[in-house]
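As the structure is a prediction and not an experimental result, all values here were calculated from the model.
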Amino acid sequence: MADSTASSGGIRIAIDRGGTFTDCVGNPGSGRMEDDVIIKLLSVDPQNYDDAPLEGIRRLLARFIGEETPRGQPLDTGKIESIRMGTTVATNALLERKGEDIALVVTKGFKDCLEIGNQSRPNIFDLAIRKPDTLYKKVVEIDERVTLEDYAEDPTRHATEAPSIQDAKGDVELVKGLSGEAVRILRKPEESSIRQQLQGVYDSGLKSIAVCLMHGYTYPQHEALVGKIAREIGFSHVSLSHELMPMIKLVPRATSACADAYLTPAIRKYIDGFQAGFSGGLGTESVKHEQGAKGARCEFMQSDGGLVDVDGFSGLRAILSGPAGGVVGYALTSYDPETKIPVIGFDMGGTSTDVSRYGSGRYDHVFETTTAGVTIQSPQLDINTVAAGGGSRLFWRNGLFVVGPESASAHPGPACYRKGGPLTITDANLFLGRLLPDFFPKIFGKNEDEGLDEQASKSLFEDLTKQINADIRASSQSDKEMSIDEIAYGFVKIANETMTRPIRSLTEARGHDTSKHRLATFGGAGGQHAVAIAQALGISQILVHRYSSVLSAYGMALADVVDEQQEPESKVWSDSDADVKKYLQAKMADLKSKCTTKLRDQGFTEEQIHFEEYLNMRYRGTESALMIVRPSETEAKTEYDGDAWAFGTAFVKQHEQEFGFTLPDRDIIVDDVRARGIGKTFTGLEKTVDQQLKAIKPKDLGKEEKQHGKQSVYFEGGRQETAIYKLEDLAVGDRIKGPAIIADGTQTIVITPDASALIIETHIVINIGESSGDQQVSTTKVDPIMLSIFAHRFMAIAEQMGRALQKTSVSTNVKERLDYSCALFDADGGLVANAPHLPVHLGSMSTCVRKQSEIWRGKLKKGDVLVSNHPMFGGTHLPDITVITPAFSGDNIVFYVASRAHHADIGGILPGSMPPHSRELFQEGASIKTEKLVSEGHFNEERIIELLLKEPAKYPGCSGTRCLADNLNDLKAQIAANQKGINLISSLITDYGENVVQFYMHSIQSNAEDSVRTLLKGVSKRFEGQDLSAVDYMDDGSPIKLKVTIDGDKGEAVFDFTGTGPEVYGNINAPEAVTYSAIIYCLRCLIKEDIPLNQGCLAPITVKIPKKSFLSPSGTAAVVGGNVLTSQRVTDVVLKAFHACAASQGDCNNLTFGFGGNVSGEKEVKGFGYYETIAGGSGAGPDWDGTNGVHTHMTNTRITDSEVFERRYPVILREFSLRAGSHGEGQHKGGDGVVRDIEFRIPVQVSILSERRVYHPYGLGGGEDAQCGQNLWVRNVPKLEGSDADTATNGDTANTAVNGSSQDKADEEVRYINLGGKNTASMQPGERIIIMTPGGGGWGPVGKDPASQQHARQDPKHGWRGGSIASRQAEAEASA
């Protein structure tokens, strides 16, 4: 531990209470590392002690003072200077759902906002959809409402002036919120009714509440009122969202408030019990007052890597308390501020493997993370769980080696733990000689005194080897038997591959080169995998701290005390406007003074307090905000011409680095102002790694020198006799050449034959040499290990293309709604790997790539890129534009890459290019059969502008694209994503050779084909003698008819759609590619296991689609509804034929609104267009209930957050809730649909394109049908004489145009007009559209006992920490 700036020589203790072990590091007050005492004890050991941290402190005091304090007697704080702790109390309460019972208080109309969430489902291929449970027991809706007066998409950029909240007098309707935006108060809450509602909650026994009201981040008055009343009533805990995190976004802010109310009481309970174990007080207050015995400082680690006084520790900021210590530990011990080499932290324990990154001398924070299914808005270190750790289970499935995500967890644990557990990575390492039983604690067996059971691991591997060899022989892939060693090592290689994919994502997604990092490994299992992981990532140096097994506790000892203050903002940044800077500087100074006050209260002097100043900035019209830190003095001088407040330039620079582009013509908006006050506690850290490496003279150990023993260890190519060294026997400067194992009581570090380890004072430094040449891979027989590795590599390429596209795109559709897909194809256009965010894109791109490869055969050159969106050329609907790039080897095309993205507008008769009444293809916008978008590296801008802007406007009543700049930017992003794919495959070819890559491209397709054949053989047995056929209808009566015939011997099937209705003079015609997508999706759902989704899936399938039917329409037929509506009905029909589940809502509920365009012969009007799809109910199945308010089957796009929706568009969202009773009843009931009620504040054109408004979603197995959907226009019409209809007031003062002028509506009445399933209307200010979506059908007869197992099946990734990787891949979960 380092020297304290104000050392009083007292004992300093740092503790990390983990899930299995509690680690304690104590120092007598000298601050020298050699004086530290380390104690490791079980976190739960009720026979011996009640609380592990207290026991650890008791044992440390005994060591330092020399006398034992009997257990149960309070510990004397007189000798203790400080206690610092990280704890899993909050995480465990969240994982096990054992927090305080709470109520959520929310604005009227939003009671279900957390159940609906962002409406996407976690796993796109799971028919039994499992969304995480909400944390609250009760919801209270408060009748109050505010909204934002102006809207961001306003082409005039109008900004309303209003008095500040403090200056507003009396009953004003307009005030300036904390963010600087004008807020309109539509309805003030009534104190008496709030008191009555909250009293009812209190009387029901709930004593903790979370409060989150619409726009509370900028106008907190209503939340504060609710909080005041709640405290008066006597609630023991009140969490107000604006106090916890005043950031826009209702759902994450409400979840955060719930998490805080749910967890803080549990934490307080724990802390009270902990404090009771001391004779003096703990924390700053007790130190100040020194009541009785001398008080000791006591701080807890928060999720952001900063410490907080025991009295200020809250649930919301405690979730990553333990892992945060590890990040601080490696950051402060492995990073050198002089050399500035960034570090990747690799923390591999028994139950999880976490990765993080530290560079530029600052922690990477993220503000929206998901843990145990709860999305939280709060600064947290960007820690991502990437695997289940040493406990990851091993499987042989469908001819592939699979590792995880299922875990053996602590109980029963791996097979070698003597509890009858399954095979895991720990067993593989043990069997291969990479784990040393002699160095492992003897805590296993009946009496907990035996070591690891090597025989248990061996016998399970023997059984698995027999099965794998039998399967390989049966599939005639090879006649060569695989040895047990090869199989165990194969699993280790796949585990490493599984972990490197997300590590690359973490670094490269931020614009960093992975190979330019060091790898800092810690945690019990990291040492066995570190070298292989580093090699795969191109990293040449690994750092293992001497305290690596207790690094989280050591990190607590090194950490700083932190106080954060943040306020929302809405200013437009300007380098030239001094007033804006002055205003923001004053706001920052105010936040800093609040931090200073809090830190001085904790005993810090001005000299010890430092600041990090941040502005959260984004380009107008995007939601990708970046938290920009104020440049340091040195950076200001060297990079920003001495400007210490160069936030604008810093933002542009970081945007370019992370996203690959800038938008110089767009305003930069400041969303938040944030100050991070840091109280420096310890300084004078030991010499950095680089300083030690400079000074050290390595000495190579001779043969046998200092060896503890030898062991046979398996490395690539076979077993080698490997020297074993005990860490404590080695001296500083000793260098050991691999192969070797270095071990102590807590860790085992494997040094491979091409690496060496150097011992320095603080670390073991592993240097990795050049690998010994290319490995020879056979292209005559398939190696299942290589097949599994290539399956990962191909998927990783498609995923990284997807990330590149999301990063570099501009439009909301791609960047936030993730409405895109990227894929990799063989030289014939056959799909090899697809990373779909939307199932409707599955496989449909290969039709397009094949068509284009035929058209351009022999005519393409290097640097050419093709573009197409026409339905007859493999397109789905026109807004989905596909960009295809060939990759060459010499003059031959060896493969293709392609990306497809939904463009927000490409012209046609209506904004959004999703017209509900289109009859002909030209009405839906620009159609491109085949064009060169890029010719030999030259972007053909003129031609694409002609195709998108000018061509569509030539047709009657049609406009060209209404957002050309976004189209061009997104097309360039698609080109860049494709280039990324080509570069990645080129490097794969460099590593393995073109023949090997081509061989495994085709082998992976064969593997998928075998998986589908196996499925079909199983289905054939299950439904022997039964008729696999189904029919369902579109709302216009058009039938979709299907008969499935399966050949059980060959594992082949015919999907025959004979009897399907003819082409429609409307837009529900679906190109053939859509039906293929639906079939692949359904097959993958039925297989219920991860298989590569590629061309091979369709090889055993023959699809018969009658020509001229609406599933095979002509080249001029309108198709916009085919992709979003008919695709859902095809899915319903396939699943019905297989008796898989009842019908889900069968619809996407496509809503568009906006104004503007360039209709031929008219003046161009600047406007905007908005498009969303809306969730409904999912269908029940044989052993699961349907899910409420979720996207199903062919789509999985997110809904815009309610507050962001009102900030960007001239709307008031009146209600977004579940539609109670819309589900189908049954033994298992279906899910409910939703109600979405939107009021418009300016005149707009509104269109709805929906289905299931006539035909009900069917129930199955005796279950009942669900309710149909309905679309209503709440219209103000002239009042008729003697009419008793409502006067047009819509319930409150919301009938106010955006400029605030109230309109006299006494002569108008409100009419509810049914729009039908497909319609468009010009809606006026104050008018509304209410969309009620269909529910899901029920399964089984009503009254029969449910056989529900859905909640018994825990998602294996439930407890994983989701940082930036998880949020980017949340919707791509299934393809990961």
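A cation-pi arrangement is absent between Arg850 and Tyr1076, since the terminal nitrogen or guanidinium carbon is not both under 6.0 Å from the aromatic centre and inside a 45° cone about the axis.
In summary, the aromatic rings of Phe1168 and Phe1155 are positioned with their centroids under 6.0 Å apart.
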**Request:** Determine, step by step, whether Asn1196 and Ser120 satisfy the side chain to side chain donor-acceptor pair (under 3.5 Å) criterion, reporting the C-alpha distance in whole Å, the side-chain angles of both residues, the deciding distance to 0.1 Å, and the verdict.
**Result:** CA-CA 5 Å; Asn1196 199 28; Ser120 68; 4.6 Å; no
**Asked** Would Phe939 and Leu933 satisfy side chain to side chain contact (heavy atoms under 4.5 Å, CB included), going step by step from the backbone distance to the final call?
**Response** CA-CA 6 Å; Phe939 184 66; Leu933 182 60; 3.6 Å; yes
**Evaluation steps, salt bridge (Lys or Arg N to Asp or Glu O under 4.0 Å), between Lys1107 and Glu1072** = CA-CA 10 Å; Lys1107 294 294 169 198; Glu1072 287 190 6; 2.7 Å; yes
**Request:** In sequence, state the C-alpha distance, the side-chain angles, and the governing distance for Asn869 and Ile906, and then conclude on side chain to side chain contact (heavy atoms under 4.5 Å, CB included).
**Result:** CA-CA 11 Å; Asn869 71 341; Ile906 50 155; 4.0 Å; yes
**Asked** Val1234 and Gln119: side chain to side chain contact (heavy atoms under 4.5 Å, CB included), yes or no, with the steps?
**Response** CA-CA 10 Å; Val1234 304; Gln119 78 179 7; over 6 Å; no
**Message:** Glu854 vs Arg857, test: salt bridge (Lys or Arg N to Asp or Glu O under 4.0 Å). Steps then yes/no.
**Reply:** CA-CA 5 Å; Glu854 283 164 22; Arg857 184 157 287 143; 5.9 Å; no
**Message:** As a quick check of understanding, evaluate side chain to side chain contact (heavy atoms under 4.5 Å, CB included) for Arg1253 and Asp1147, giving each step before the final call.
**Reply:** CA-CA 10 Å; Arg1253 289 342 189 230; Asp1147 183 23; 2.8 Å; yes
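When all heavy atoms of Ile909 and Ser918 are compared, the pair lying nearest together is CD1-CA, 4.5 Å. When all heavy atoms of Leu866 and Leu860 are compared, the closest pair comes out as CD2-CD2, 3.8 Å. Annotation for Asn834 and Ser821: closest pair OD1-CB, 4.2 Å, computed over non-hydrogen atoms.
Remark: side-chain polar atoms of Asn118 are not paired, donor with acceptor, to backbone N or O of Ile1199 under 3.5 angstrom. Judged by distance alone, the side chain of Arg121 and the main-chain N or O of His1191 form a donor-acceptor pair under 3.5 Å. Panel note: side chain Gln1128, backbone Thr1192; a donor-acceptor pair is recorded below 3.5 Å. The backbone N or O of Asn1150 sits nowhere less than 3.5 Å from a side-chain atom of Tyr1171 that would complete a donor-acceptor pair. The backbone N or O of Ala1175 lies less than 3.5 Å from a partner atom in the side chain of Thr1333, making a donor-acceptor pair. A donor-acceptor contact shorter than 3.5 Å links the side chain of Asn1271 to the backbone of Gly1316. Using modelled atom types, no side-chain atom of Gln974 and backbone atom of Thr882 make a donor-acceptor pair closer than 3.5 Å. Under a 3.5 Å cut-off, the side chain of Thr1131 and the backbone N or O of Ser1127 do form a donor-acceptor pair.
The neighbour count for Lys851 NZ, taken as heavy atoms of other residues, nucleotides or ligands under 6.0 Å away, does not exceed 12.
For Arg1252 and Asp1132, the salt-bridge test passes: some basic side-chain N is under 4.0 Å from an acidic carboxylate O. A salt bridge is defined here as a Lys NZ or Arg NE, NH1 or NH2 lying under 4.0 Å from an Asp or Glu carboxylate O, and Arg666 with Asp966 meets this definition. Salt bridge absent: Asp1201 and Arg1207 never bring a charged side-chain N and a carboxylate O closer than 4.0 Å. The residues Asp864 and Lys932 are annotated as salt-bridged, a charged nitrogen and a carboxylate oxygen being separated by less than 4.0 angstrom.
The aromatic rings of Tyr1209 and Tyr1170 sit tilted relative to each other, their planes meeting at an angle between 30° and 60°.
Side-chain contact between His870 and Leu921 is present, with heavy atoms from C-beta onward closer than 4.5 Å. Contact check for Pro915 versus Glu924: side-chain heavy atoms found under the 4.5 Å cut-off. Taking the side chain as every heavy atom from C-beta outward, Arg900 and Thr876 approach each other to under 4.5 Å.
Just one of Glu931, Gln852, Lys929 meets the side-chain contact (heavy atoms from CB on, under 4.5 Å) condition when paired with Ser868; it is Gln852.
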